[in-house]
Engineer: 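Below you will find the structure I want to go over with you.
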Amino acid sequence: MRHLFPHQEKALRLLLERARRGSRRPVVQLPTGAGKTRLAAEIIQRARAKGKRVMFVVPRLSLIDQTVESFATDGINDVGVIQADHPLTNPDMPVQVASVKTLDRRKDWPPVDLIIVDECHEMFRAFLKRIAGDELKGVMVIGLSASPWARGMARHYDDLIICATTAEMIEAGRLSKFRVFAPDHPDLSGVGTDQKGDYNEKQLAKAMDKPKLVADIVTTWLRMGEGRPTLAFCVDRAHAKHVQAQFEAAQIPCGYVDAYTSADERKIVRDKVHSGEYKVVANVSCLTTGVDWDIRCIIDARPTRSEMLLVQMYGRGFRTAEGKEDCLILDHADNYKRHGFVTDIHHDRLDDGVRKAAPKRTKPLPKECPKCSHIRPAKLKECPACGYVPEGIHSGVESEDGSLFEVTRGNSKKKEGPAHHTRIGSSWIHNSEFYAMLKTWASRRKYKPKWADNCYYSVHKKWPNQYVNVPPKELTREMHNWCLADQIRRAKSFAKSRHQHGDGARNARR
Ligand SMILES: [Zn+2]
């Protein structure tokens with residue numbers, strides 16, 4: 001039996017309190033990775049202790065087995081499954097697990113005292129209609145969600161219990177910290193909206209699935225991704241396939257998952273991520289993927305107006321793990337401009353469905369560093385990632401009244417990097433080492449010896465004269481990725497110039 005965390009205890013206490021005050025349809029908001037299934041198991045056990053029968057409802061068939069497994073870990077074994085031909089079918093069991101779709105098709109539901117609805121923000125219409133009927137009026141229905149902000153939720157549920165926010169969970173060290181970079185700014189000028197108020201998917205795919213944007217995803221990851229296990233969110237299947245192909249072309253093994261990927265295949269993909277065989281998995285906002293994976297970098301190539309989608313996507317990277325310092329978010333979608341930081345998103349009540357003007361932001365939108373694309377809180381003047389301070393502005397933090405006060409942070413020059421060093425990925429290496437590794441790369445790729453000199457010159461605008469005698473050195477992983485990214489960059493600019501000059505006959509090899 002696993003123990004409960006304070007925020008889970010708080011959720012249980014609040015649930016009891018609200019139920020005593022008459023709530024029959026409360027929603028519990030709990031961030032992804034905060035132990036939602038564990039909380040559900042505890043609620044079920046307490047209900048069972050009073051002899052009550054419980055039904056746990058999942059949004060998709062594919063989630064049934066993992067839910068049953070997870071309950072078993074918590075000692076709940078008297079479980080039956082409502083699903084045609086499922087080996088665990090047993091209507092006599094006091095705990096039933098079912099998918100929304102199956103329930104919609106069944107006329108008779110087993111008699112229950114408590115229903116728990118997972119991912120209740122998905123607003124299953126037929127299900128909601130049924131629980132509003134006389135038959136189930138007395139039954140307690142508890143909704144669970146990390147983002148209970150769907151339109152009109154207040155018409156079906158009567159209370160919102162926020163037991164912990166993502167920011168609080170990060171503060172407490174139960175979810176991982178994160179850093180955001182915005183390496184790309186896609187042009188969405190021709191993209192309209194759909195019925196739900198999000199971008200029209202077809203038009204969005206057209207805007208995002210462009211060779212340059214797809215190539216940038218890969219070069220950015222090579223430059224900044226530090227080889228982390230990564231989940232890439234794409235617009236549609238073709239887009240995700242293109243991202244996968246581009247990674248593979250750069251010799252980065254990349255998996256692929258969409259809504260049609262079976263549970264067994266997903267497990268294989270997950271194992272390959274955990275063993276390091278796959279560095280990246282491209283997927284189509286397929287939110288059942290990666291729930292329990294050790295993901296340390298999110299590539300966001302899916303612009304969205306939906307706060308719910310954003311929270312669900314980024315939440316995949318916030319699980320803590322051994323040796324994991326933070327989650328890196330590479331925002332290729334400009335989502336930070338729409339939503340700010342994911343931790344800024346907050347609503348203290350359920351939406352009543354009445355259309356109102358866009359709520360005023362309580363926090364100013366974060367800002368992008370023009371030098372390294374790091375996204376920082378608006379009031380920070382100095383970039384925490386590279387130390388850049390916009391010209392004419394003192395390093396420091398803006399005070400409430402808008403004036404500046406200096407913040408001493410030691411030698412700010414140090415952020416520029418030590419003298420005679422080159423920045424490769426997240427670290428600085430000595431220029432001699434940089435040149436030594438370029439030599440190895442050149443010989444391995446069978447480039448002319450002059451290549452290393454040219455490459456060095458293109459970075460430093462100086463020739464590596466004093467290092468000509470350094471022996472070649474084995475490449476570090478970061479240097480290897482840097483070279484790959486550099487190669488792609490050059491190949492692209494070469495292809496572009498060739499295209500512009502109409503010179504198609506030349507060999508593309510350097
Ligand atoms: Zn910066």
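Read the numbers this way: they start at 1 and go in the same order the structure lists the ligands and their atoms.
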Engineer: Anything protein N/O/S under 2.8 Å from the Zn ion (ligand 1)? Just list residue and atom, please.
Structural biologist: C369 SG, C372 SG, C383 SG, C386 SG

Engineer: Check whether any side-chain heavy atom of W293 sits under 4.5 Å from a side-chain heavy atom of V281, and report yes or no.
Structural biologist: yes

Engineer: State whether the side chain of D331 and the backbone N or O of Y336 hold a donor-acceptor pair below 3.5 Å, judged by distance alone.
Structural biologist: yes

Engineer: For the residue pair H430 and H420, categorise the inter-ring angle as parallel (less than 30°), tilted (30 to 60°) or perpendicular (more than 60°).
Structural biologist: tilted

Engineer: Which residue pairs pass the side-chain hydrogen bond (donor to acceptor under 3.5 Å, both in side chains) test with at least one member in residues 240-257, sequence neighbours excluded?
Structural biologist: D209-H242, Y256-D258

Engineer: Once the angle between the rings of H7 and F5 is folded into 0 to 90°, is it parallel (under 30°), tilted (30 to 60°) or perpendicular (over 60°)?
Structural biologist: parallel

Engineer: Evaluate the side-chain proximity of W149 to D351: yes if any heavy-atom separation is below 4.5 Å, no if none is.
Structural biologist: no

